[in-house]
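Presented below is the structure to which this report refers.
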Amino acid sequence: MKTNFAQPLTACIATAGLVVASSLLTATQAQAFSLSVAPEYGTTNGIGTGATATLDFNVVQSGADLLLNLGITNTTGTQATAGGATNSSLVGVAFDVLTGVTASVKSTAGSNFTAFWNNVDISGLHNGFDYGISIPRKEFEGGNANEGLYKNQSTLVSFLLTGSSLSAAQAENAFLTGFQNGTLKAGVRFQQVAGSNVGTSDKVMAGVSADAEPVPEPTTIAGMVMGLGSLVAARRKQAKKALA
């Protein structure tokens, strides 16, 4: 009795095709990653006041250019810290971009973060950040903090990135790699820190969160497709032998 391998083989090929399509689709879509703003990455206040935040980076295609959507969340007081802060006003974020890339504000709709800065220094923390975004003030570091983000408050600012030939996924992977190896940096300015036994203001660096993952490289996707092609070819060969 001869076994009919046609249906299992067809199902295998169909399933393989779905896997390839799914993998390729995922590869073309950039995956956001987060930076954690915490004393362990650097602070101007000894052990740190305990003021913390999260910065979410999401790069998407915008015609021939790229759009960086930067989500900013004040997480002060949401977990225990050595400094003991229970609340703060997050008033500004400074950050670097990829080499050769220029950033400009695309949208601040619904956000109090409308002041855009070039070549930002955060004294005592780091000098020469490429760009900064803050609430309205005469100086990035100082001024009225009442319009800042307080505990659990968030905002979103979009930046147009020009000068890059990378896709959104490639650019996002390059951003993540840069923050991981230290070639790119980001820092945050806090004021009106409450509940801390260290001080009432702080300047804190950002670092890569433990759950951040890079976007798959095009070579990785190509390897997946080639490997899948070999699997299908092998299954066809086995089926022909069984039918012979």
Side-chain angles (χ1 to χ4, degrees), residues 33-57 68 70-79 81-99 101 103 105 112-151 153-155 157 159 175-210 212:
F33 66 89
S34 297
L35 299 183
S36 176
V37 180
E40 63 209 67
Y41 300 113
T43 172
T44 57
N45 231 331
I47 61 172
T49 61
T52 58
T54 299
L55 305 178
D56 296 316
F57 283 73
L68 167 61
L70 178 62
I72 309 168
T73 303
N74 188 337
T75 59
T76 303
T78 59
Q79 56 185 358
T81 59
T86 56
N87 204 346
S88 68
S89 176
L90 192 164
V91 298
V93 176
F95 60 96
D96 291 331
V97 296
L98 303 176
T99 301
V101 170
V105 175
N112 288 337
F113 282 62
T114 57
F116 184 57
W117 309 82
N118 293 286
N119 193 27
V120 178
D121 295 339
I122 301 183
S123 58
L125 188 68
H126 181 74
N127 292 333
F129 290 103
D130 291 334
Y131 299 101
I133 193 75
S134 73
I135 60 175
R137 47 185 35 211
K138 293 182 179 181
E139 297 178 357
F140 179 85
E141 288 193 49
N144 192 306
N146 292 336
E147 294 184 22
L149 297 174
Y150 291 87
K151 179 180 178 179
Q153 291 184 336
S154 301
T155 195
V157 181
F159 301 91
F175 266 108
L176 176 56
T177 300
F179 286 119
Q180 285 175 323
N181 64 28
T183 57
L184 298 179
K185 298 183 183 298
V188 171
R189 176 74 168 109
F190 295 95
Q191 292 178 253
Q192 296 182 354
V193 180
S196 175
N197 52 16
V198 178
T200 58
S201 69
D202 210 347
K203 305 162 190 176
V204 186
M205 291 294 287
V208 178
S209 302

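Just so we're clear, the structure is a prediction, and the values are computed from it rather than from any experiment.
Ionic pairing of Glu141 and Lys203 is present here: one or more N-O contacts between side-chain nitrogen and carboxylate oxygen are shorter than 4.0 angstrom.
Closest non-hydrogen pair, Thr49 versus Gly199, comes out as CG2-O, 3.7 Å. For Ser89 against Gly148, the heavy-atom pair with the smallest separation is OG-CA, 3.4 Å. When every heavy atom of Phe175 is checked against every heavy atom of Asp96, the shortest pair comes out as CE2-O, 3.7 Å.
With hydrogens and angles disregarded, no donor-acceptor distance shorter than 3.5 Å links the side chain of Asn119 to the backbone of Asp130.
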Tell me, with the steps shown, if Tyr41 and Lys185 meet side chain to side chain contact (heavy atoms under 4.5 Å, CB included).
-> CA-CA 10 Å; Tyr41 300 113; Lys185 298 183 183 298; over 6 Å; no
Tell me, with the steps shown, if Phe129 and Phe140 meet ring-ring contact (aromatic ring centres under 6.0 Å, His included).
-> CA-CA 12 Å; Phe129 290 103; Phe140 179 85; 8.1 Å; no
Criterion ring-ring contact (aromatic ring centres under 6.0 Å, His included) on Phe57 and Phe179, from CA distance to verdict | CA-CA 11 Å; Phe57 283 73; Phe179 286 119; 5.2 Å; yes
Ile133 vs Val105, side chain to side chain contact (heavy atoms under 4.5 Å, CB included): CA-CA, chis, key distance, verdict | CA-CA 9 Å; Ile133 193 75; Val105 175; 4.2 Å; yes
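Contact check for Glu139 versus Arg137: no side-chain heavy atoms found under the 4.5 Å cut-off.
Gln192 and Asn146 are linked by a side-chain donor-acceptor pair at a separation below 3.5 angstrom, with hydrogens and angles left out of the test. Counting only N and O atoms by type, the side chains of Thr43 and Asp202 include a donor and acceptor under 3.5 Å apart. Checking Ser88 against Asn74 by side-chain atom types alone, a donor-acceptor pair falls below 3.5 Å. Under 3.5 Å, the side chains of Thr76 and Asn87 contain no donor-acceptor pair of N or O atoms.
The residue from Thr81, Thr73, Thr75 that alone fulfils the side-chain hydrogen bond (donor to acceptor under 3.5 Å, both in side chains) condition with Thr52 is Thr75.
Atom CZ in Phe190 sits 12.0 Å away from atom CG in Asn45 (nearest 0.5 Å). Distance OG1/Thr54 to CG/Leu90: 10.0 Å, rounded to 0.5 Å.
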